[in-house]
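Note sheet for the following structure.
Order of the sequence lines fixes the chain letters, A, B, ..., with proteins taken first and strands second; residue numbering starts at 1 for each chain. Everything numeric here is computed off the predicted structure, so don't read it as measured data.
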Number of protein chains: 2
Amino acid sequence: MSDYEQQNVPPSSDSGRDALPPVTQHARQYETVRNAHETELIEDYVELIGDLIRHQGEARAADLASRMGVSQATVSKMIRRLKELGLVNSQPYRSLFLTEAGQTMAETSRARHDIVLQFLRALGVRDSTARIDAEGMEHHVSDETLAIMQQFTEKNAR
Amino acid sequence: MSDYEQQNVPPSSDSGRDALPPVTQHARQYETVRNAHETELIEDYVELIGDLIRHQGEARAADLASRMGVSQATVSKMIRRLKELGLVNSQPYRSLFLTEAGQTMAETSRARHDIVLQFLRALGVRDSTARIDAEGMEHHVSDETLAIMQQFTEKNAR
DNA sequence: TATAAAATATAGCCAAGGCTAACTAGTTAG
DNA sequence: CTAACTAGTTAGCCTTGGCTATATTTTATA
Ligand SMILES: [Mn+2]
Ligand SMILES: [Mn+2]
Ligand SMILES: [Mn+2]
Ligand SMILES: [Mn+2]
């Protein structure tokens, strides 16, 4: 009964600047983000396993835990998932290996990660900040944008 | 007993190019990403509610659902969370309002979102791609990088 | 070579963020 | 003014990705 309205500035045609995107396109934006989040962690783990093998000769669960900043139990559970997904091979209590599919994913992810990182550095972002930002951004950069970043980096300095 | 080793290329000093970051710093990268993911959705909802109010005069749960590409049940649950967090006010079955805190968050998020979007456009990314990428990237861009993006956009065209 | 320590695994708990199905409240048309 | 439709809520289920505590297995050391 009593009107509880608090403000309710009416549309008045064009209140703000940029209009809202069409509903379908808008929904696609968020859907893309949700999809990226589904694979993000998987990619980071696989990429890290690949990096550990390249840099230290082997990947142990304990290294994953300390580098990820997460408990060993969390890593253990994740490794089970990676095996189920056919990305990792290992015997219990032994170090980890990437399957063919895992190696492919690791390479793809690392390449993408590097492009984003180098782009940020080329833009003028400090190295430690660039590393942090790249870790999150890499999963949300389209191929189109990635290509443009790579060109930019090539042109602008090293 | 039998050796199951598959490859195991030893460290050989410097296998790859860029060395791995120190463990603590490396962990901080992933922690930052995890933190961003905790607030991401909240920010997107609040930002969207603000945008709907600005552009259509009110924000209804149904609009949130169609724009987010998600079921009404999901939105309803989220709204309860937003209320618990003190970001949103509403009576059951009525439209949504932002609290003071909610408005502040909406403005901050929108400003950040716009900077990232305009930066991508200035870089040369097509509009529809830029919108998709910005929706995910915005949550992983540090203040430092954001400032640099803004400068870049100002210098480089519109 | 026992035994202590370190690494890995498993169990069980929790919160977030999806979903469908069933129910309830508001709004609109006849 | 009632019936039908639309909008919003609630319940219950699921997966993901954290955690702690407790086993188990390997590895190192006395
Ligand atoms: Mn990452
Ligand atoms: Mn993300
Ligand atoms: Mn946004
Ligand atoms: Mn977003």
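- One atom, CG of A:Leu82, and another, P of C:dA9, lie 12 Å apart when rounded to the nearest Å.
- With values rounded to the nearest 0.5 angstrom, A:Gln118 atom CD is found 6.5 Å from A:Thr153 atom OG1.
- The residue among B:Ile42 and B:Arg60 whose nearest nucleotide of DNA chain C is located toward the 5' end is B:Ile42.
- Sorted by first then second residue, the salt bridge (Lys or Arg N to Asp or Glu O under 4.0 Å) pairs that include residues 130-141 of chain B, not counting sequence neighbours, are A:Asp18-B:Arg131, B:Asp127-B:Arg131.
- Taking Ile, Leu, Val, Met, Phe, Trp and Tyr as hydrophobic and joining them when side-chain heavy atoms fall under 4.5 Å apart, one finds B:Met137 in a cluster with A:Ile115, A:Val116, A:Phe119, A:Leu120, A:Leu123, A:Val125, A:Met137, A:Val141, A:Leu146, A:Ile148, A:Met149, A:Phe152, B:Ile115, B:Val116, B:Phe119, B:Leu120, B:Leu123, B:Val125, B:Val141, B:Leu146, B:Ile148, B:Met149, B:Phe152.
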Could you write out each protein N or O paired with an N or O of nucleotides 18-22 of chain C at a distance under 3.5 Å?
| from | atom 1 | to | atom 2 | distance (Å) |
| --- | --- | --- | --- | --- |
| C:dG18 | O6 | B:Lys77 | NZ | 2.4 |
| C:dC19 | OP2 | B:Ser71 | N | 3.0 |
| C:dC19 | OP2 | B:Ser71 | OG | 3.2 |
| C:dC19 | OP2 | B:Thr74 | OG1 | 2.7 |

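- Residue pairs that meet the salt bridge (Lys or Arg N to Asp or Glu O under 4.0 Å) test with at least one member in residues 40-53 of chain B, sequence neighbours left out, are B:Asp51-B:Arg54, B:Asp51-B:Arg110.
- Pairs of residues two or more places apart, or lying in two chains, that qualify as side-chain hydrogen bond (donor to acceptor under 3.5 Å, both in side chains) and include a residue from residues 69-78 of chain B are B:Ser71-B:Thr74.
- Between the CG atom of A:Asn35 and the P atom of D:dT16 there is a distance of 14 Å, rounded to whole Å.
- Between B:His140 and B:His37, the distance from one ring center to the other falls under 6.0 angstrom.
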Pull out every protein N or O sitting under 3.5 Å from an N or O of nucleotides 23-26 of chain C, one pair per line with the distance.
| from | atom 1 | to | atom 2 | distance (Å) |
| --- | --- | --- | --- | --- |
| C:dT24 | O2 | B:Tyr93 | OH | 3.2 |
| C:dA25 | O4' | B:Tyr93 | OH | 3.4 |

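- For B:Arg80 and D:dT10, the CZ to P distance is 6 Å, given to the nearest whole Å.
- At whole-Å resolution of the value, CG in A:Leu64 and P in C:dA7 are 13 Å apart.
- Protein atom CD of B:Glu31 is 11 Å distant from nucleotide atom P of D:dG18, rounded to whole Å.
- Residue pairs meeting the salt bridge (Lys or Arg N to Asp or Glu O under 4.0 Å) criterion with at least one partner in residues 27-39 of chain A, sequence neighbours excluded, do not occur; the list is empty.
- The salt bridge (Lys or Arg N to Asp or Glu O under 4.0 Å) analysis of residues 60-72 of chain B, with sequence neighbours excluded, yields the pairs B:Glu58-B:Arg60.
- Not counting sequence neighbours, the partners of A:His26 by the ring pair (Phe, Tyr, Trp, His ring centres under 6.0 Å) test are A:Tyr30.
- A:Leu96 places its CG atom 14 Å from the P atom of C:dA7, with the value rounded to the nearest Å.
- What separates CD of A:Glu40 from P of C:dA16 is a distance of 19 Å, to the nearest Å.
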